[in-house]
Number of protein chains: 2
Amino acid sequence: MSTDKNVINISNIRIACKDCSLFQLCLPIGVGEADLELLDRIIKHRRPFRRGEHLFRIGDPFQAIYAVRAGSLKTYAMTEDGHEQVIGFHLPGELVGLDAINGECHPCAAKALETTSVCEIPFDRLEELADHMPTLQRQLLRILSKEILQDHNLLMLLGKKSADERLAAFLVSLSARFKRRGFSSREFYLSMSRNDIGNYLGLAVETVSRLFTRFQEEGLVTVQRKHILLRDIDELSLRAGVSGPMASSKSVNGV
Amino acid sequence: MSTDKNVINISNIRIACKDCSLFQLCLPIGVGEADLELLDRIIKHRRPFRRGEHLFRIGDPFQAIYAVRAGSLKTYAMTEDGHEQVIGFHLPGELVGLDAINGECHPCAAKALETTSVCEIPFDRLEELADHMPTLQRQLLRILSKEILQDHNLLMLLGKKSADERLAAFLVSLSARFKRRGFSSREFYLSMSRNDIGNYLGLAVETVSRLFTRFQEEGLVTVQRKHILLRDIDELSLRAGVSGPMASSKSVNGV
DNA sequence: AGATTTCATTGATTGTCGTCAACAAATCTG
DNA sequence: CAGATTTGTTGACGACAATCAATGAAATCT
């Protein structure tokens, strides 16, 4: 917070992929050193984005995909009537911009939630590279497929789950993602606003706020502003799955 | 309906990709005849599936993706508590099973909604083929990306839209997809049940039923069982986008 | 064909969550 | 640091859609 008063020239402190702790998260390829070197060479490191800045906006020409290096960001689209719809939150090691591959320009925007640095991967160069690297090609397909899978999970959440199930699922999911990155799975910082959370989960801000309060009253979490402490992850996981009005009354569908 | 009493040997009446009217829909690649021939060779035509039969179930080992040839099917996943969640409906020319590429087995099931024939494309063979065909590789990425984009659209629908907006959007979307395939965009047959529609749209069956009735009363559609006639597509499109309680009252967000 | 089951429609009622509104806290700005 | 703006919390109220329940219509089965 206090060390980055003066922006220094990033290009000088560029870090190679092979030395990046996130490397196996963003492109977990099984390639040799030589291939990795090639991959590394096309990747651009850009100056960090400040909170609120856009990596790209809706309609921007698609040129590159991005890997989050540090910080976090959100992607969002616009409904026809000008409403923002948060599509996802992205933590270090995650890729952004995959939904633009098909088209000419970005169908959604990416905005930094805090000071965030990313690796820019020009897509045409990546494709060229992949032409001669079957492993990379296959990896790309897997990454996109995984993204589809994640979206399907979110679809289930929005289609079936009640408000508390949604928030519980959200917290549990974040917890797992932080853990995977070596951060605490019990305690973390929510870089997104309540508004963004509600938007993402298909809930009103007020509902999110109330739920945080209720979860806290029930001893599930301790919430202090954007700081979250999960006191009972098991119970939260339970709520994320089975709960709501049906769980108590009777067998839901005979299973 | 009356001609397929005896199942005949499908392998004899196999149709080449290059002669398939759907070819440019399912794999719109810009490849030469020779490449197309290679692609065609790995594709298997299987006997048609009857209504209710599964192409694959949740947890089945992933071996192939499928292109719908005729008929239609639904894909669905299971929530933790055993509830079915319809992920999508698939018309001729659309690919199924893309969310399994990342893993070992299918995360969702695919079930025929009517008598349906598909092309089975063994994925390992497809990858081998793509290793030597950059265009195919790139095409695959684009197809997956498109799928992601579609999921995002559905996310917006489930996250923000009211019940009538959802059904309107559903009908308009189906209409466009039928049109693309050379069928009527005004008049079509809903192969899926009301239950499936509701499940897909995150609504109760009863709500779907009531909405159909209401849309009919308002002269937007004529519904007769599963047969749908769109009387006012423009108005439906309008409802699919802007409507609900906010549209009338005041500017939603200053835009 | 009749019986059984599945599917679709309609009505009555309840509950969850969104909306409106006011307030508090924090962050931004000059 | 004070004022302004954004962001988060809490309460009251109402609406939309889910649930419960009953009936009707098709489709499937024997």
Side-chain angles (χ1 to χ4, degrees), chain A residues 1 50-52 74 83-84 113-114 157-167 189-199 201-217 221 223-228 239 243-254, chain B residues 1 50-53 74 83-84 113-115 157-168 189-199 201-217 221-228 239 243-254:
Chain A
M1 274 204 183
R50 294 192 166 281
R51 177 179 142 84
K74 69 169 177 181
H83 264 262
E84 186 176 313
L113 293 169
E114 57 194 315
L157 185 139
L158 290 176
K160 293 270 164 305
K161 302 196 176 186
S162 65
D164 33 351
E165 288 175 303
R166 293 184 198 191
L167 189 64
Y189 178 82
L190 292 177
S191 59
M192 68 291 290
S193 69
R194 300 286 195 267
N195 214 318
D196 287 335
I197 296 174
N199 189 310
L201 297 176
L203 300 172
V205 202
E206 295 93 328
T207 305
V208 174
S209 193
R210 273 185 259 270
L211 285 174
F212 271 128
T213 307
R214 192 150 67 72
F215 280 2
Q216 179 153 262
E217 285 166 2
V221 301
V223 185
Q224 217 159 19
R225 236 187 116 43
K226 305 206 159 203
H227 190 94
I228 300 287
R239 297 229 186 170
S243 102
M246 338 91 163
S248 51
S249 54
K250 60 177 177 183
S251 168
V252 179
N253 57 356
Chain B
M1 273 205 183
R50 295 193 164 281
R51 176 180 144 82
E53 283 186 309
K74 70 169 177 181
H83 264 263
E84 186 177 312
L113 292 170
E114 56 193 317
T115 303
L157 185 140
L158 291 176
K160 292 272 165 305
K161 302 197 175 185
S162 65
D164 32 353
E165 288 175 302
R166 293 184 198 191
L167 189 63
Y189 178 82
L190 292 177
S191 59
M192 68 291 289
S193 69
R194 300 286 194 267
N195 214 318
D196 287 334
I197 297 174
N199 189 311
L201 297 176
L203 300 172
V205 202
E206 296 92 329
T207 305
V208 174
S209 193
R210 272 185 258 270
L211 285 174
F212 270 128
T213 307
R214 192 149 68 71
F215 280 2
Q216 178 153 260
E217 284 166 2
V221 301
T222 300
V223 185
Q224 217 161 17
R225 245 194 105 45
K226 306 207 159 201
H227 189 93
I228 300 288
R239 297 230 186 170
S243 102
M246 336 90 165
S248 51
S249 54
K250 60 178 177 182
S251 167
V252 179
N253 57 355

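A, B, ... follow the sequence lines: proteins, then strands. Residue 1 opens every chain.
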Without decimals, in angstroms, what is the distance between B/Phe212 CZ and C/dC7 P?
16 Å

Among C/dA8, D/dT9, C/dC17, which nucleotide has an atom closest to any side-chain atom of A/Thr207?
C/dC17

note: A/Asp196, atom CG; D/dG8, atom C1'; distance rounded to Å ~ 13 Å

Identify, between B/Val205 and B/Arg51, the residue whose nearest nucleotide on DNA chain D lies closer to the 5' end.
B/Val205

What's the CG-C1' distance between A/Leu203 and D/dA17, to the nearest Å?
15 Å

Nearest atoms (heavy-atom pairs only) where A/Leu158 meets A/Leu201:
CD2-O, 3.3 Å

Measuring from the side chain of B/Ser209 (C-beta onward, heavy atoms only), which nucleotide among D/dG8, C/dC7, C/dA8 has the closest atom?
C/dA8

Measure from the side chain of B/Glu206, starting at C-beta and using heavy atoms only, and say which of C/dT19, D/dT19, C/dC17 lies closest.
D/dT19

To the nearest Å, give me how far apart CD (B/Gln224) and C1' (D/dA26) are.
13 Å

Heavy-atom nearest pair, A/Val208 first then A/Gly198, reads CG2-CA, 3.5 Å

Rounded distance (Å) that lies between atom C1' of C/dT9 and atom CG of B/Leu190:
16 Å

Could you tell me the separation between the CG atom of B/Asn199 and the P atom of C/dC7, rounded to a whole number of Å?
13 Å

Heavy-atom nearest pair, A/Lys161 first then A/Arg166, reads O-NE, 2.8 Å

Out of D/dA18, D/dT10, C/dT9, which nucleotide sits closest to the side chain of B/Thr213?
C/dT9

Using a heavy-atom cut-off of 4.0 Å across all strands, would you classify A/Gly202 as base, sugar-phosphate, or nothing?
sugar-phosphate

Could you state the CG-C1' distance from B/Leu201 to D/dA17, rounded to the nearest angstrom?
14 Å

Tell me whether A/Lys74 is salt-bridged to A/Glu84, with the criterion being a basic N under 4.0 Å from an acidic carboxylate O.
yes

Of D/dG8, C/dC17, C/dG18, the nucleotide closest to the side chain of A/Ala163 is C/dC17

Which of the following nucleotides, C/dT27, D/dT9, C/dT19, is nearest to the side chain of A/Arg210?
C/dT19

Do A/Asp196 and A/Leu113 come within less than 4.5 Å of each other through their side chains, counting heavy atoms only?
yes

Closest to the A/Ser162 side chain, choosing from C/dC17, D/dA17, C/dT9:
C/dC17

As a test of reading the structure: which of D/dT19, D/dG8, C/dC17 is closest to the side chain of A/Arg225, going by heavy atoms?
D/dG8

Could you state the CD1-C1' distance from A/Ile197 to D/dT7, rounded to the nearest angstrom?
12 Å

